[in-house]
Amino acid sequence: MFGLVDCNNFYASCERVFNPNLRDKPVVILSNNDGCVIARSNEAKALGIPMGAPTYKFEKIFKQHNIQVFSSNYALYGDMSSRVMNILSNFTPDVEIYSIDESFLEFSGFGNYNMQAYCEKIKYVVEKGTGIPISIGLAPTKALSKVANRIAKKFPEQTKGVFIMKDDAARIKALKWLKIEDVWGIGRQHALRLKKHNIHTAYAFSELPDEWVRKQMSVVGLRLKNELQGRRTLELETPAHKKAIATTRSFDKQYKEFDYIQERVSSFAIKSAEKLRRQGSCCQMIYVFLKTNKFRQDLPQYQNSIVVQTGYPTNSSIDLIKFAVEGLKKIYHPDYYYKKAGVIVMGLVPEDQRQLAFFTAENPKHKQLMQKIDRLNGAYGTGAVRFGSQDLGKVWKMRREHLSQAYTTNLGSIIEVNVGDENKS
DNA sequence: TCTGGGGTCCTATGCCTT
DNA sequence: TCTGAAGGCATAGGACCC
């Protein structure tokens, strides 16, 4: 049996843990730059706030319905997530952390357990320990456990937040209920095509001929079909090393000047190098991209990207700036207004296993230099040490006008409890 | 004026080597 | 030495996830 544990409205729930006044009130969480809505409480969903809603278009509605608005606070959500995951691992050794708010659990050898009671206990202990409400779905395959979870979440009164797909009759009933666009692995494009072929439910999809699914949706679609029929094709995955690390951002407005964009791309390269060093990896390729604002169709559109081979594995900020700017020069075009750029480092190898290149290699002094820089930045804050290609006078600030505090990771943000006497807190 | 960021996997294509 | 088939690899793009 697979179990899928999903935290309910995770980001909104995190905010509520430390601010109980938010209970039963509509809450939305905004993306970086406060650009759009990326999470909603049930109350906000009921008010018709869609996922991805642009903030500037909905500000009036936020005010009108007294919706509580928060900038995303990843320090808080990341910490709350690891607390939840820690508790889950006490209930079965086989846990795959699938995302910040979801885990697959495998229950093998639990034949004699009353799984309904066991899962209700998991739910109780997680909620008691963290304040985060969860839903649990159990089924014979991963894809079906996603379906079961959806039912648990959708019908909390009947299911108490735990739904177990006991037999084939339950499977068929659930799949007939689930709309095709809500199936895990069916995105917008596939849903559109399937509907054109009169496939509207998960069940109808699961009954399609193998060849058709394979042809239209590749082996991925076929695996999904098998999973929905109850045949296990996906297993619990063990954490693998990352294959790429990305640092990409939208700009606060549109920019044309090369110098500005070069400065941004250099900063992304530095950030990527820091991430590489933190996980003990080096990269062999660096991908740089540049885009105009896709929402401004009235302006000329342009996007381009390039892969630069480094020639040797490196995680030196100095080298990565050099390669990134070299790539940028090849794709930059002076006629456009740019809104977004990014750097992705690829071809990652462990730092201690880098092969020696015959003619080129990272300057051996860089390693020590980077260690010192990382230490200084660690002690005095990111950006304490900057590079020549970064604009020293400029402080890049993300728009985060509705940020809650880092209650769990920053001592200065710790909650104070006042007990009677105002002097004692 | 203002619409996020970070990932994965699969396929098609073209080129090169065997 | 030439030729075609088959396999490996890099790259680009599309689909999906959270």
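Among the nucleotides B:dC2, C:dC18, B:dG4, the one closest to the side chain of A:Gln254 is B:dC2. Considering only the side chain of A:Trp184, C:dC18 comes nearest among B:dT3, C:dC18, B:dC10. Proximity note for A:Gln189 (side chain, C-beta onward) versus B:dG4, B:dT11, C:dA15: the nearest is C:dA15. Picking from C:dA15, B:dC10, B:dG4 the nucleotide with the shortest atom distance to the side chain of A:Ile38 gives B:dG4. Comparing atom distances between the A:Tyr56 side chain and each of C:dC16, C:dT11, B:dT3 picks out B:dT3 as nearest.
Using a 4.0 Å heavy-atom cutoff across all strands shown, A:Lys215 reaches no nucleic acid atom at all. Contact annotation for A:Thr55: no contact, since no heavy-atom pair falls under 4.0 Å across all strands. Looking at heavy-atom distances under 4.0 Å, A:Ala244 makes contact with sugar-phosphate atoms alone, never a base. Among the heavy atoms of the strands, none lies under 4.0 Å from A:Lys294. Residue contacts shown for A:Val183 are limited to sugar-phosphate atoms, with no base heavy atom under 4.0 Å away. A:Glu237 comes within contact range of no nucleotide atom at all, as no heavy-atom separation falls under 4.0 Å. Within the nucleic acid shown, A:Asp34 has no heavy atom closer than 4.0 Å to any nucleic acid atom. Residue-level contact check: A:Arg193 touches neither bases nor backbone, having no heavy atom under 4.0 Å from any strand. Among the heavy atoms of the strands lying under 4.0 Å from A:Glu102 are primed sugar atoms or P, OP1, OP2 only; no base atom is included. Counting non-hydrogen atoms under 4.0 angstrom, A:Ile245 reaches the backbone sugars and phosphates but no base.
A:Pro26 and A:Ser41 make their closest contact through CA-OG, 3.5 Å (heavy atoms, listed as atom of the first residue, atom of the second, distance).
Residues A:Glu263 and A:Ser267 bring a donor and an acceptor atom of their side chains to less than 3.5 Å of each other. A side-chain donor-acceptor contact under 3.5 Å links A:Tyr77 and A:Glu15. Side chains of A:Thr409 and A:Asp79: no donor on one and acceptor on the other come within 3.5 Å.
Between the CG atom of A:Asn32 and the C1' atom of B:dT3 there is a distance of 13 Å, rounded to whole Å. Per the geometry, CD1 belonging to A:Ile29 stands 17 Å off P belonging to B:dG5, to the nearest Å. Whole-Å rounding puts the A:Ile331 CD1 to C:dA12 P distance at 11 Å.
Close to C:dC18, at under 4.0 Å from its OP1 or OP2, lies a side-chain N or O of A:Lys146.
If you look at A:Tyr118 and A:Phe91, their ring centroids are closer than 6.0 Å.
With DNA chain B read from its 5' end, the first of the two nearest nucleotides for A:Ala246 and A:Val220 is the one closest to A:Ala246.
Using C1' as the reference atom, C:dC17 and B:dC2 are 27 Å apart when rounded to the nearest Å.
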